[in-house]
Enquirer: 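Could you have a look at this structure, given as C-alpha cells, before my questions?
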2 protein chains.
Amino acid sequence: MIACLNIKQVEKISKALGDPYRLKIMNIISKSESCVQCCDVSAEFNLAQSTMSHHLKQLIDADLLIADKDGRNLKFVINKEVCAAYADYINSLLL
Amino acid sequence: MIACLNIKQVEKISKALGDPYRLKIMNIISKSESCVQCCDVSAEFNLAQSTMSHHLKQLIDADLLIADKDGRNLKFVINKEVCAAYADYINSLLL
DNA sequence: CAAAAACATCGAAATATTTAGATATTTAAA
DNA sequence: TTTAAATATCTAAATATTTCGATGTTTTTG
C-alpha cells in the first residue's frame with residue numbers, strides 16, 4: 001500500500017533532512033493548516049532569498065515537498081506518501 | 001512509549017543516513033541474524049579501513065548503531081529504539 | 001507598458017565532508 | 001614477549017555543500 005523507496009531515494013531524502021533549516025521548513029509546513037508560501041517560510045529565517053530557494057529546491061527534489069505554482073507564488077504541502085514511505089524504510093531496519 | 005528525539009538529534013541521524021555507504025552498512029547490520037563485526041562490514045566495500053572506521057563512528061555517534069567491544073573486535077547491532085523514534089518523528093510530519 | 005513582487009539561477013567564497021595513508025592503540029596468538 | 005590483527009586517530013587532499021549577491025524570469029499591479 002505504501003510506496004517503496006530505493007536506496008538512492010532514501011539517501012537523497014536523508015541528505016535533504018540533514019540540515020537544520022530544512023528540518024525547520026518541514027516542521028513549519030507540517031504544522032500549518034493550509035498551504036504555505038515560499039515567502040512565509042523565508043520570513044522565519046535570517047537567510048538570503050536565494051539560499052532559501054536552494055533549500056526548498058532540495059526538499060522538492062527529494063520529493064518531500066510538493067510545490068504548487070500559484071501565480072508568482074509557490075505553495076507547499078508535505079508529500080505524505082513519500083514521508084510515510086521513508087518512515088517505513090527506517091522501520092524496516094528494525095525487523 | 002517511544003523515545004522522543006529533538007531536532008538536533010534528527011538532524012544528526014539524517015546526516016548519518018545521507019551517505020550510500022552508511023545506508024548500506026545499516027542494511028547489512030539490519031539483515032544479519034547475529035551481531036556484525038567491523039571487518040565483516042569493511043569486506044563488503046572497497047574503502048580504506050580508516051574510512052570505514054569513520055563511517056561507523058558517525059552511525060554510532062548518531063545513536064543508530066550500538067557498538068560492543070569484544071576483544072579486539074567491534075560488534076554492532078541496530079539501535080532499535082532510536083531508529084523507531086526517528087521513524088516516529090518522520091511520521092509526525094504527516095499528522 | 002513600466003515597476004514591483006515572488007521566485008530561480010549563476011558564480012564565487014566560505015565551510016564541511018569524504019577519503020586515504022601513516023601511525024597509534026589495544027588485544028590475541030605464537 | 002614479540003608479532004599480528006582489529007580498530008582508532010591524525011593529517012592532508014579532493015570533493016561537496018552552504019551561503020550570498022547579482023541578475024534573470026514570470027506574473028501581477030499601477
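Labels below follow one simple rule: chain letters A, B, ... track the order of the sequence lines, proteins then strands, and each chain is numbered from 1. As a basis for the values below, the full set of heavy atoms in this structure was taken, side chains included, without hydrogen atoms, waters or symmetry mates.
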Enquirer: Tabulate atom names and distances for all N/O pairs under 3.5 angstrom spanning the protein and nucleotides 20-25 of chain D.
Expert:
unit_1: dC20(D); atom_1: OP2; unit_2: Ala48(A); atom_2: N; d: 2.8
unit_1: dC20(D); atom_1: OP2; unit_2: Thr51(A); atom_2: OG1; d: 2.7
unit_1: dG21(D); atom_1: N7; unit_2: Ser50(A); atom_2: OG; d: 3.3
unit_1: dG21(D); atom_1: O6; unit_2: Ser50(A); atom_2: OG; d: 3.1

Enquirer: Give the C-alpha distance, both sets of side-chain angles, the deciding distance and a yes or no for side chain to side chain contact (heavy atoms under 4.5 Å, CB included) between Met26(A) and Leu65(A).
Expert: CA-CA 8 Å; Met26(A) 290 298 287; Leu65(A) 290 182; 3.7 Å; yes
Enquirer: Under 4.5 Å between any side-chain heavy atoms of Leu56(B) and Ile25(B), yes or no?
Expert: yes
Enquirer: Distance check needed: dA8(D) C1' versus His55(B) NE2, whole Å only.
Expert: 15 Å
Enquirer: Listing request: all salt bridge (charged side-chain N to carboxylate O under 4.0 Å, His left out) pairs with a residue in residues 64-75 of chain A, at least two apart in sequence or in separate chains.
Expert: Asp70(A)-Lys75(A)
Enquirer: Which value, rounded to the nearest 0.5 Å, describes the distance between Ile78(B) atom CD1 and Ser32(B) atom OG?
Expert: 8.0 Å
Enquirer: Please report the shortest heavy-atom distance between Met52(A) and Ser42(A), naming the atom on each side.
Expert: CG-OG, 3.2 Å
Enquirer: Can you name the nearest heavy-atom pair linking Ala67(B) to Leu74(B), along with the distance?
Expert: CB-CD2, 4.0 Å
Enquirer: Taking five pairs at each end of the helix from dC1(C)-dG30(D) to dA30(C)-dT1(D), what angle separates the two helix axes (nearest 10°)?
Expert: 10°
Enquirer: Which pair of heavy atoms, one from Leu23(B) and one from Ile7(A), lies closest together, and at what distance?
Expert: CD1-O, 3.6 Å
Enquirer: If the condition is side-chain hydrogen bond (donor to acceptor under 3.5 Å, both in side chains), which residues does Lys8(A) pass it with, not counting sequence neighbours?
Expert: Glu11(A)
Enquirer: For Val77(A), which fellow cluster members are found when Ile, Leu, Val, Met, Phe, Trp and Tyr are connected by side-chain heavy-atom distances below 4.5 angstrom, either directly or through intermediates?
Expert: Ile66(A)
Enquirer: If a pair satisfies salt bridge (charged side-chain N to carboxylate O under 4.0 Å, His left out) and one of its residues is in residues 51-62 of chain B, list it, with sequence neighbours excluded.
Expert: Lys57(B)-Asp61(B)
Enquirer: Which donor-acceptor pairs under 3.5 Å do the side chains of residues 79-95 of chain B make with protein atoms, sequence neighbours left out?
Expert:
unit_1: Asn79(B); atom_1: OD1; unit_2: Glu81(B); atom_2: N; d: 3.4
unit_1: Asn79(B); atom_1: OD1; unit_2: Val82(B); atom_2: N; d: 3.3
unit_1: Asn79(B); atom_1: ND2; unit_2: Asp63(B); atom_2: O; d: 3.0
unit_1: Tyr86(B); atom_1: OH; unit_2: Tyr86(A); atom_2: OH; d: 2.8
unit_1: Tyr86(B); atom_1: OH; unit_2: Ser14(B); atom_2: OG; d: 2.8
unit_1: Tyr89(B); atom_1: OH; unit_2: Asn27(A); atom_2: OD1; d: 3.3
unit_1: Tyr89(B); atom_1: OH; unit_2: Asn27(A); atom_2: ND2; d: 3.0
unit_1: Asn91(B); atom_1: ND2; unit_2: Ala87(B); atom_2: O; d: 3.4
unit_1: Ser92(B); atom_1: OG; unit_2: Tyr89(B); atom_2: O; d: 2.6

Enquirer: What is the first contacted nucleotide of DNA chain C and what is the last, in 5' to 3' order, if contact means an atom lying under 4.0 angstrom from a heavy atom of chain B?
Expert: dT17(C) to dA29(C)
Enquirer: Using a cut-off of strictly less than 4.0 Å between a heavy atom of the residue and any atom of DNA chain D, enumerate the qualifying residues of residues 6-19 of chain B by number.
Expert: none
Enquirer: Please report the shortest heavy-atom distance between Gln58(A) and Arg22(A), naming the atom on each side.
Expert: NE2-NH1, 3.1 Å
Enquirer: Which residues within residues 62-78 of chain A lie with some heavy atom under 4.0 Å of an atom in DNA chain D?
Expert: Gly71(A), Arg72(A)
Enquirer: Nearest whole angstrom, please: distance from the C1' of dA8(D) to the CD1 of Ile60(B).
Expert: 11 Å
Enquirer: Would you please name every residue forming a ring pair (Phe, Tyr, Trp, His ring centres under 6.0 Å) with His55(B), sequence neighbours left out?
Expert: Tyr21(B)
Enquirer: Taking all non-hydrogen atoms of both residues, which atom of Gln37(B) and which atom of Phe76(B) are closest, and how far apart?
Expert: C-CE1, 4.1 Å
Enquirer: Considering residues at least two apart in sequence or located in another chain, which fulfil the side-chain contact (heavy atoms from CB on, under 4.5 Å) criterion with Gln9(A)?
Expert: Leu5(A), Asn6(A)
